[in-house]
Amino acid sequence: MKIPLSELKQLIGQPVAAIDTPSLVVDLDAVTRNLVRMAEFARKHEVRWRAHAKAHKSSTLAKLQVQAGAVGVCVQKTAEAEVMVAGGVTDVYISNQVVAPAKLARVAALAHRLAAEHGQLAIAVDSAEGIQRLARAMNEARAAGGGSAVIDVFVEIDVGQGRCGVPPGRTAVTLVHEIRKHPPLRFAGLQAYNGTAQHIRSAQERRALVGVAVQDIVFTRKLIEAEGIPVELITGAGTGSMVGEAASGVYGELQSGSFMFMDADYAANERDAAQPHFEHALFIKTQIMSSGLQHAVCDAGHKSHAIDSGMPAILSIVNDDDETQTESGLEYFNGGDEHGIVRPARSGLRVPALDETLWLIPGHCDPTVNLHDHMIAVKGGLAKGRVERIIRVDARGALT
Ligand SMILES: Cc1ncc(COP(=O)(O)O)c(C=O)c1O
């Protein structure tokens, strides 16, 4: 039977050993340290940060980020925005395109709700049609007595990922003019996010890709400003490349999200000397259920963690008093959706024994979180800590 929240809450105050497997566990101390390091980094570089909530899908964690200094959150989906607002987050940016009229009606309703609560909604666009549909939805919400909210609109330029966004240059200027025709829309700046740059292993190559983005932004910004229109804010960046964007003097807002959990894929990047030390903070607690001479099998397969960015790493927690997070010398191999095959990485290392607990560091935090209803938040370390709270993944499955 699926464990109801009321029963899960009985875990609060209990030692980590009481957590059943497989479970999604958050190390709240590591989360706090990561947030402090992010806030310090942003302060030092005089940029704001708007954490991407797609990484955690939880309004509780979003509010923790705002308490730590984030100006608000980014989301990718209308439904995620709705969940964040319902959970009490008042400054939300949908850093993505929304074009379906039914969804835009929800966006407009949310913009009006937030305006009534002294909050703000923002959205990205990359087509004239999208802008006109957004304006229509906002006007309809106004006419229906929803108030006179104004939504902030960022023109997305494609700075190298080949995903959404118009090419840098004239097309962006045309879209800015289109936005300015519609009173319920306010041109707020440019969205310039390069997802490809995040996962390039070489720190130097990541910096080089940010350099290309910066040239594209400066070129586009000049064209817009030549028309007498100020470009207030450039927003973008993720955990992999944020040191480049922060140092550019061009970006005013960082959208990094994964830094708070730090998955195995990001840990495999060569660390830029200027990057804050972000610790792993999201784990799958799993148990060995079969053990032989060459390998063991744990009870967490890819229904527990996403494998799109590779297999999880396995953490060693011999001593978590000194905050060290070291590799365990064990390797995880895909055993299917309910099994993980665990082998010593080198000869001479032992195979884990029956019942032994392992802590997996997921390859990709965002889709891993989306597989779970709750995160079990722990304080005091993974070896000797206790369960502090149960955090609902309230935007789980919020995909529309
Ligand atoms: C538009 C946008 N901004 C920011 C991010 C955050 O990046 P990360 O979670 O890798 O820090 C993403 C991630 O995919 C994104 O798509």
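As the structure lists them, so they are numbered: ligands from 1, and atoms in each ligand from 1.
Crowding of Ile3 atom CD1: a count of heavy atoms from other residues, nucleotides or ligands under 6.0 Å not exceeding 12.
Figure legend: Arg343 and Phe333 shown as a cation-pi pair, the cationic atom lying under 6.0 angstrom from the six-membered ring centre and within 45 degrees of its axis.
Contacts between Cys74 and ligand 1, counted as non-hydrogen atom pairs separated by less than 4.0 Å, are absent for every part of the residue. The proximity of His56 to ligand 1, defined as any non-hydrogen pair under 4.0 Å, does not occur for either the backbone or the side chain. At a heavy-atom distance under 4.0 Å, atoms from both the backbone and the side chain of Ser258 approach ligand 1. When non-hydrogen atoms are compared, ligand 1 lies under 4.0 Å from the side chain of Gln191 (C-beta onward) but not from its backbone. Neither the backbone nor the side chain of Phe259 comes within contact range of ligand 1; no heavy atom lies under 4.0 Å.
Here the two rings, on His199 and Tyr266, have centers that are under 6.0 Å apart.
By the 30° and 60° cut-offs, the orientation of the rings of Phe261 relative to His56 is perpendicular. In this pair, His280 and Phe283 present their aromatic rings perpendicular. The plane angle is above 60°, beyond the 30 to 60° band.
Ranking protein heavy atoms by distance to atom 11 (O) of ligand 1, first place goes to Thr239 OG1, 2.6 Å. Annotation: atom 14 (O) of ligand 1 to nearest protein heavy atom, Lys54 NZ, 2.9 Å. Residue, atom and distance of the protein heavy atom nearest to atom 16 (O) of ligand 1 are Gln76 NE2, 2.9 Å. Among protein heavy atoms, atom 10 (O) of ligand 1 sits closest to Tyr266 OH, 2.4 Å. What sits closest to atom 6 (C) of ligand 1 on the protein, heavy atoms only, is Gln255 O, 3.5 Å.
A donor-acceptor distance shorter than 3.5 angstrom exists from the side chain of Gln287 to the backbone of Asp355, with no hydrogens or angles considered.
You'll find the side chain of Val16 stays beyond 4.5 Å of the side chain of Lys384, heavy atoms only.
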